[in-house]
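Take a look at the structure set out below.
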Amino acid sequence: MDPVSNKSYHEHEVDPKVFLDVYCSPGIDQAIYDEITIFPMKTLQKLMSSGKITGTTLIDFSTGPMIGPMLSICDYFTEIIILEANDFSLTHAEKWWKGEEETFDWSHLSDVCSEGDRKKWMKKEETLRRKVKSIMKFDESKENPIDKSVFSKANCVTSFYLLSHISKDREAYSKNIRKLASMLDIGGHLFLGGTFNVKYFSIGEHQFHSLPVDEEFIRKVLADGGFSIKLIEKQDSKVVNKAVKYEKVFLAYAVKVKEV
């Protein structure tokens, strides 16, 4: 499909169930699941194990109604705000929040975050639900997507895969990094996950825009956005699938050190 005909994640219809089946479940492609879901979860668990990264408010701003990374980090924060860029993903996220049965079954993640124990898993998922205080629609037109009259700045922002999906070019990606920075206090933590040198990204039969980025660009855009990079963890891709193709999956951990 020609790139100009690609759909835009934040503007077009998305089937959240198809997205979650392909990218967040081992049932269709184990390699995609290991790289897109398990890699960031385990990397976050390793980073959080020191107990030094804690706070009151966490904001998540990711592609699809995925909860994996939040499961790895929710114990260290008091409240969570979820920003959704897509109306269909937002609706699915709200249904999960309310505990409606027809939503995606995440229990396969029990092996990662609750030692495979069913009771521990149910408690973990319920803890995450309880800590979510709001699910909000991302307004692209706003420089600061969070209403400061309702929510104060956060201690941590997590964003997985989304910036490449909503940024039409590198200038827009840089602008979106600054939007993430605007949500954080000085000293706040950013966990940014994505892929390097993506070739294509699909949900079902539809191909969606995904901006190719590399490590050099990510380092520059984070520094320009007022962040000090503490770590970039990356893993070569072994995925061979018509749904998605990229060279590496990465997770960058950075701390906001200045306003820009």
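Residues Thr195 and Phe250 form no side-chain contact, since every pair of their non-hydrogen atoms from C-beta on lies 4.5 Å or further apart. With contacts defined as side-chain heavy-atom distances shorter than 4.5 Å, the pair Val22/Ile32 qualifies. With a 4.5 Å cut-off on side-chain heavy atoms, Arg178 and Asp224 count as touching. Side-chain contact between Thr103 and His92 is present, with heavy atoms from C-beta onward closer than 4.5 Å. Here the side chains of Ser210 and His165 are in contact, with some heavy-atom distance below 4.5 Å.
The closest donor-acceptor contact from the side chain of Lys120 to the backbone of Glu115 lies at 3.5 Å or more, if one exists at all. A donor-acceptor pair under 3.5 Å is absent between the side-chain atoms of Thr43 and the main chain of Pro40, judged by distance alone. One N or O on the side chain of Asn241 and one on the backbone of Ala243 form a donor-acceptor pair closer than 3.5 Å. Here the side chain of Trp97 pairs no donor or acceptor atom with the backbone of Ile135 at under 3.5 angstrom. The main-chain N or O of Phe160 is found under 3.5 Å from a side-chain atom of Ser62 such that the two form a donor-acceptor pair. Judged by distance alone, with hydrogens and angles left aside, the side-chain atoms of Arg170 form no donor-acceptor pair with the main-chain N or O of Val221 at under 3.5 Å. With hydrogens and angles disregarded, a donor-acceptor distance shorter than 3.5 Å links the side chain of Asp214 to the backbone of Phe217. In this structure a side-chain-to-backbone donor-acceptor pair under 3.5 Å is present from Ser25 to Gly27. Panel note: side chain Lys131, backbone Cys74; a donor-acceptor pair is recorded below 3.5 Å. Side-chain atoms of Asn155 come within 3.5 Å of backbone atoms of Thr57 as a donor-acceptor pair (strictly under, hydrogens ignored).
With sequence neighbours excluded, the residues that form a ring pair (Phe, Tyr, Trp, His ring centres under 6.0 Å) with His189 are Tyr253. Not counting sequence neighbours, Thr91 has no partner by the side-chain hydrogen bond (donor to acceptor under 3.5 Å, both in side chains) test. Considering only residues two or more places apart in sequence or on other chains, Tyr246 meets the ring pair (Phe, Tyr, Trp, His ring centres under 6.0 Å) condition with none of them. Here Arg130 pairs with Thr127 under the side chain to side chain contact (heavy atoms under 4.5 Å, CB included) rule; sequence neighbours left out. Residues meeting the side-chain hydrogen bond (donor to acceptor under 3.5 Å, both in side chains) test with Tyr9, sequence neighbours left out: Ser89. In this view, Val257 and Ser228 satisfy the side chain to side chain contact (heavy atoms under 4.5 Å, CB included) rule, not counting sequence neighbours. For Phe104, the ring pair (Phe, Tyr, Trp, His ring centres under 6.0 Å) partners at least two apart in sequence or on another chain are Trp106, His108. Judged as a ring pair (Phe, Tyr, Trp, His ring centres under 6.0 Å), and not counting sequence neighbours, Tyr200 has no contacts.
Under the 3.5 Å distance criterion, with hydrogens and angles disregarded, no donor-acceptor pair is assigned to the side chains of Thr56 and Glu79. Side-chain atoms of His209 and Ser8 form no donor-acceptor pair, as typed in the model, at a separation below 3.5 Å. Side-chain atoms of Glu125 and Trp96 form a donor-acceptor pair, as typed in the model, at a separation below 3.5 Å. Side-chain contact check for Asn176 and Ser167: at least one donor-acceptor pair (N or O, by modelled atom type) lies under 3.5 Å.
Here the CD-OG1 distance, from Glu84 to Thr63, works out to 9.0 Å after rounding to the nearest 0.5 Å. With values rounded to the nearest 0.5 angstrom, Cys24 atom SG is found 10.0 Å from Met41 atom CE. Between the CD atom in Glu215 and the CD atom in Glu247 there is a gap of 12.0 Å [rounded to 0.5 Å]. A distance of 5.5 Å separates CG of Leu192 from CD1 of Ile218, quoted to the nearest 0.5 Å. Rounding to the nearest 0.5 angstrom, the gap separating the CE atom in Met48 from the OG atom in Ser72 is 9.5 Å. With rounding to the nearest 0.5 Å, the separation of CG in Leu251 from CG in Leu47 is 7.0 Å.
In this structure, the ring of Phe61 has its center less than 6.0 angstrom from the ring center of Phe138. Phe19 and Phe88 have their aromatic ring centers separated by at least 6.0 angstrom.
Around the CD atom of Glu171, the shell of radius 6.0 Å holds no more than 12 heavy atoms that belong to other residues, nucleotides or ligands. Heavy-atom contacts from other residues, nucleotides or ligands closer than 6.0 Å to CD of Glu100 number more than 12.
Closest heavy-atom contact between Glu35 and Val249: O-CG2, 3.5 Å. Across all their heavy atoms, Leu109 and Tyr33 have their closest contact at CD2-OH, 3.3 Å. Between Ser237 and Val239 the shortest heavy-atom distance is OG-N, 3.2 Å.
Evaluation of the salt bridge (charged side-chain N to carboxylate O under 4.0 Å, His left out) test over residues 251-260, restricted to residues two or more places apart or in two chains, returns Lys153-Glu259, Lys256-Glu259. Among pairs with a residue in residues 17-34, those fulfilling salt bridge (charged side-chain N to carboxylate O under 4.0 Å, His left out) read Lys17-Asp21, at least two apart in sequence or across chains. Each salt bridge (charged side-chain N to carboxylate O under 4.0 Å, His left out) pair with one or both residues in residues 46-64, not counting sequence neighbours, appears once here: Lys46-Glu233. The salt bridge (charged side-chain N to carboxylate O under 4.0 Å, His left out) pairs that include a residue from residues 86-95 are Asp87-Lys137, where partners are two or more places apart or lie in different chains.
Under the 4.5 Å side-chain contact rule for hydrophobic residues, Ile28 and Ile203 share a cluster. If you chain together hydrophobic residues whose side chains sit under 4.5 Å apart, Leu58 and Ile186 never meet in one group. Each of Val260 and Tyr173 belongs to its own hydrophobic cluster when Ile, Leu, Val, Met, Phe, Trp and Tyr are linked at side-chain heavy-atom distances under 4.5 angstrom.
Under a 4.0 Å N-O distance rule, the pair Arg129/Glu126 qualifies as a salt bridge.
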